[in-house]
Amino acid sequence: MTTYPAEPEHDALREGAVPVAERGNGAAHGGWWMPGANGFAACALSGSACTVAEARQFTRTTLQGWRMCPGLADDAVLVVSELVTNALRHGAGETRRTLNYAGPEPFCHAWLALTRQERGVLCAVSDAGATAPVLRDRDELAESGRGLHLVELLSDAWGWTPPDRAGKTVWATVSARG
């Protein structure tokens, strides 16, 4: 099931956020991490080549910490991988190109948030992009364009907040199968 625009919500930061470097595990190279014991976890996403891999590891580690089943974690990791890839490819760089920005690289290009739900997890990726995601027609010969089809296949529902000055959030809910 696909769900489209939701109410905008751009409260990415909460009190108590701890820089990864201060935690001493070096996982996200200067990114931010928010503890997940209460069913919410978030991290800042850089634009580096290893960002998608770090987002996958963050998701898997968080879901393991919440004792969520491995099958759900596998699906959520793949969904997060696609959402983060799209945010970095289509959303994060969009603002820099539109504004012809040539300044220093921003601290974070996007945010990944995970929220534990009764039977699954809500995965949300926020970026500064001003355009909504587009589910392309399937093209078996295309080299790209399958990400949102995978998100739709693996999630119970997915959608996005209407883009505004702060950007947009693309989200998906993933539940345990069976």
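Position 1 is the first residue of the sequence; numbering continues from there.
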Task: side chain to side chain contact (heavy atoms under 4.5 Å, CB included) partners of Arg60, counting only residues at least two apart - done: Gln64, Ala73, Asp74, Val77
- [ ] Starting at NE2 of His109, measure out to OG of Ser46 and round the result to the nearest 0.5 Å.
- [x] 6.5 Å
Open item on the list: Taking the side chain as everything from C-beta on, heavy atoms only, tell me whether Phe58 gets closer than 4.5 Å to Leu112.
Closed with: yes
Task: Side-chain donor or acceptor of Arg177 paired with backbone N/O of Gly71 under 3.5 Å - done: no
Open item on the list: Using only atom types and a distance under 3.5 Å, with no angle test, would you say the side chain of Thr161 pairs donor to acceptor with the backbone of Thr169?
Closed with: yes
Open item on the list: Just verifying a value: how many Å separate Glu82 CD and Arg89 CZ, rounded to the nearest 0.5 Å?
Closed with: 9.0 Å
Open item on the list: On a heavy-atom basis, which atom in Ala113 and which in Phe40 lie closest, and how many Å separate them?
Closed with: CB-CE1, 3.9 Å
Open item on the list: Quick check: closest heavy atoms across Pro163 and Ala130, and the distance to 0.1 Å?
Closed with: CB-O, 3.4 Å
Task: Shortest non-hydrogen contact from Val174 toward Leu154 - done: CG1-O, 4.0 Å
Task: Closest contact, heavy atoms only, Trp66 versus Gly39 - done: CZ2-C, 3.4 Å
TODO: Test Val121 against Thr115 for side chain to side chain contact (heavy atoms under 4.5 Å, CB included), laying out the working first.
DONE: CA-CA 6 Å; Val121 63; Thr115 303; 5.8 Å; no
Task: Nearest non-hydrogen partners of Gln117 and Leu122, listed with the distance - done: NE2-CB, 3.8 Å
Task: Atom pair CG/OG1 of Asp75 and Thr59 - distance to nearest 0.5 Å - done: 12.5 Å
Open item on the list: Ignoring hydrogens, what is the shortest heavy-atom contact between Leu45 and Ala55? Give both atom names and the distance.
Closed with: CD2-CB, 4.1 Å
TODO: Output all residues satisfying side chain to side chain contact (heavy atoms under 4.5 Å, CB included) with Gln57, sequence neighbours left out; order by chain, then residue number.
DONE: Thr61
TODO: Give, for atom CH2 of Trp171 and atom CG of Leu83, the distance between the pair rounded to the nearest 0.5 Å.
DONE: 11.0 Å
Task: Pro133 side chain near Asn86 side chain, heavy-atom distance below 4.5 Å - done: no
- [ ] Kindly indicate, with the supporting measurements, whether the criterion side chain to side chain contact (heavy atoms under 4.5 Å, CB included) is fulfilled by Val79 and Leu150.
- [x] CA-CA 7 Å; Val79 165; Leu150 287 171; over 6 Å; no
Open item on the list: Quick check: do Val80 and Arg56 have side-chain heavy atoms less than 4.5 Å from each other?
Closed with: no
Open item on the list: Check whether Lys168 reaches the backbone of Ala128 with its side chain - one donor and one acceptor, N or O, closer than 3.5 Å.
Closed with: no
- [ ] Give, for atom CG of Leu114 and atom OG1 of Thr62, the distance between the pair rounded to the nearest 0.5 Å.
- [x] 5.5 Å
Open item on the list: Let me confirm one number: the CH2-SG distance from Trp111 to Cys43, rounded to the nearest 0.5 Å.
Closed with: 8.0 Å
Task: Single-linkage hydrophobic cluster, 4.5 Å side-chain cutoff, Leu135 and Leu153 together - done: no
Open item on the list: Is it the case that the side chains of Ser175 and Arg119 hold a donor-acceptor pair, with the cut-off being a distance below 3.5 Å and no angle test?
Closed with: no
